[in-house]
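Read through the structure below, which is laid out as structure tokens, and then see the notes.
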Amino acid sequence: MKKFISAISIALLTVILAFTLAGCDKSGAIEKAYEDNGYTVKITTTAENATVKNLISTILTEEQKKEIDKYALIYASKLLPPEGVVIIKFGSSGDLKDFLTIEDKDGNKDTSAYDAAKDAGHINGNCYFIVGGKDALNIFKNA
């Protein structure tokens with residue numbers, strides 16, 4: 001009986017882990033939502049796209065600017081009305097939280113930037129909305 005319960009437990013944990021990991025990446029749904037609303041969507045990096053680099057240069061800290069090339073960027077643009085949207089796609093929601101967490105000299109971690117971004121609707125799964133208008137933010141939130 002113990003072997004049966006162990007086997008069932010392992011199977012359930014495997015299924016739960018699979019759903020947890022699969023549910024983290026929201027980038028596909030976000031890309032589709034922008035395309036459905038008339039945006040042209042590109043996956044890029046700051047090294048590949050000077051427009052994106054200029055859009056985010058004033059928003060990120062120096063430390064974040066050094067780390068940004070580790071992650072993919074979703075750049076969505078629309079001609080009428082003209083608008084550009086930049087979203088950072090992280091490997092996981094944990095990577096996103098680490099990116100927005102500031103650690104002081106004493107090793108204390110400040111998650112206020114992450115908490116504020118989450119409360120404002122700038123976080124959706126493993127994606128972080130950093131540039132765009134109100135309509136673009138609503139598309140992001142609802143994706």
Side-chain angles (χ1 to χ4, degrees), residues 4-143:
F4 178 72
I5 291 174
S6 295
I8 294 288
S9 297
I10 291 171
L12 285 173
L13 286 174
T14 304
V15 169
I16 290 169
L17 181 61
F19 280 118
T20 302
L21 294 176
C24 291
D25 189 5
K26 295 286 288 183
S27 62
I30 291 168
E31 290 173 42
K32 183 166 177 11
Y34 280 106
E35 288 171 348
D36 290 348
N37 282 282
Y39 286 80
T40 301
V41 179
K42 296 178 184 173
I43 305 295
T44 187
T45 65
T46 55
E48 297 170 340
N49 194 323
T51 304
V52 171
K53 192 171 198 166
N54 289 336
L55 284 171
I56 65 173
S57 65
T58 59
I59 296 168
L60 302 177
T61 66
E62 288 303 317
E63 186 178 315
Q64 289 172 334
K65 288 177 191 176
K66 292 175 187 173
E67 288 184 43
I68 197 69
D69 285 330
K70 294 180 188 176
Y71 309 107
L73 301 171
I74 300 169
Y75 176 62
S77 60
K78 189 174 184 178
L79 292 176
L80 294 173
E83 184 170 23
V85 178
V86 180
I87 298 164
I88 304 173
K89 176 186 169 188
F90 292 86
S92 69
S93 55
D95 290 343
L96 170 54
K97 188 169 186 175
D98 290 343
F99 183 79
L100 293 176
T101 299
I102 299 168
E103 189 170 337
D104 65 13
K105 297 173 191 172
D106 299 329
N108 298 322
K109 294 187 177 188
D110 178 11
T111 62
S112 60
Y114 175 82
D115 297 336
K118 191 158 184 84
D119 291 343
H122 288 235
I123 294 175
N124 188 346
N126 63 322
C127 297
Y128 176 43
F129 180 94
I130 56 173
V131 174
K134 186 177 181 180
D135 291 337
L137 180 58
N138 287 333
I139 294 168
F140 177 80
K141 288 178 182 179
N142 296 320

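Sequential numbering from 1 along the given sequence is applied to the chain's residues.
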Fill in: Any T61 side-chain heavy atom under 4.5 Å of K65 side chain
no
Discussion item. Quick check against the 3.5 Å criterion: does D25 have a side-chain atom that pairs as donor or acceptor with the backbone of S27?
Written reply: yes
Item to complete: Sequence neighbours left out, what pairs pass ring-ring contact (aromatic ring centres under 6.0 Å, His included) with at least one residue falling in residues 100-128?
Response: H122-F129
Worksheet item: Ignoring hydrogens and geometry, is there a side-chain-to-backbone donor-acceptor pair from N126 to K26 under 3.5 Å?
Response: yes
Worksheet item: Just how far is it from atom CZ of F90 to atom CG of L96, taken to the nearest 0.5 Å?
Response: 5.0 Å
Worksheet entry | T111 and L100, any side-chain heavy atoms less than 4.5 Å apart | no
Practice prompt. Take V85 and V41, measure what side-chain contact (heavy atoms from CB on, under 4.5 Å) needs, and give me the verdict at the end.
Written response: CA-CA 9 Å; V85 178; V41 179; over 6 Å; no
Worksheet, complete the sentence: Quick note, side chain to side chain donor-acceptor pair (under 3.5 Å) partners involving residues 77-87, not counting sequence neighbours, are Y39-E83
Worksheet item: What is the distance from atom OG of S92 to atom CG of D98, rounded to the nearest 0.5 Å?
Response: 7.5 Å
Item to complete: List the atom of G125, the atom of I123, and the distance in Å for their closest heavy-atom pair.
Response: O-CG2, 4.0 Å
Worksheet item: Between V86 and I59, is any pair of side-chain heavy atoms under 4.5 Å apart?
Response: no
Practice prompt. Could you please spell out the steps behind the side-chain contact (heavy atoms from CB on, under 4.5 Å) verdict for I74 and E31?
Written response: CA-CA 8 Å; I74 300 169; E31 290 173 42; 4.3 Å; yes
Worksheet entry | Verdict with supporting geometry, I68 and I56, side-chain contact (heavy atoms from CB on, under 4.5 Å) | CA-CA 10 Å; I68 197 69; I56 65 173; 4.1 Å; yes
Practice prompt. Show the numbers, then the answer: is there a side-chain contact (heavy atoms from CB on, under 4.5 Å) between I88 and C127?
Written response: CA-CA 6 Å; I88 304 173; C127 297; over 6 Å; no
Practice prompt. Enter the distance from Q64:CD to F99:CZ here, rounded to the nearest 0.5 Å.
Written response: 4.0 Å
Fill in: Residue pair Y71 / K89: nearest heavy atoms and the distance that separates them
CB-O, 3.5 Å
Fill in: Minimum side-chain heavy-atom gap I130-I87 below 4.5 Å
no
Can you give me every donor-acceptor pair (side chain of residues 135-143, partner residue at least two apart or in another chain, under 3.5 Å) with its distance?
residue	atom	partner	partner atom	Å
N138	ND2	K134	O	3.4
N142	ND2	N138	O	2.9

Discussion item. So for atom CD, which belongs to E63, do other residues, nucleotides or ligands contribute more than 12 heavy atoms lying within a distance under 6.0 Å?
Written reply: no
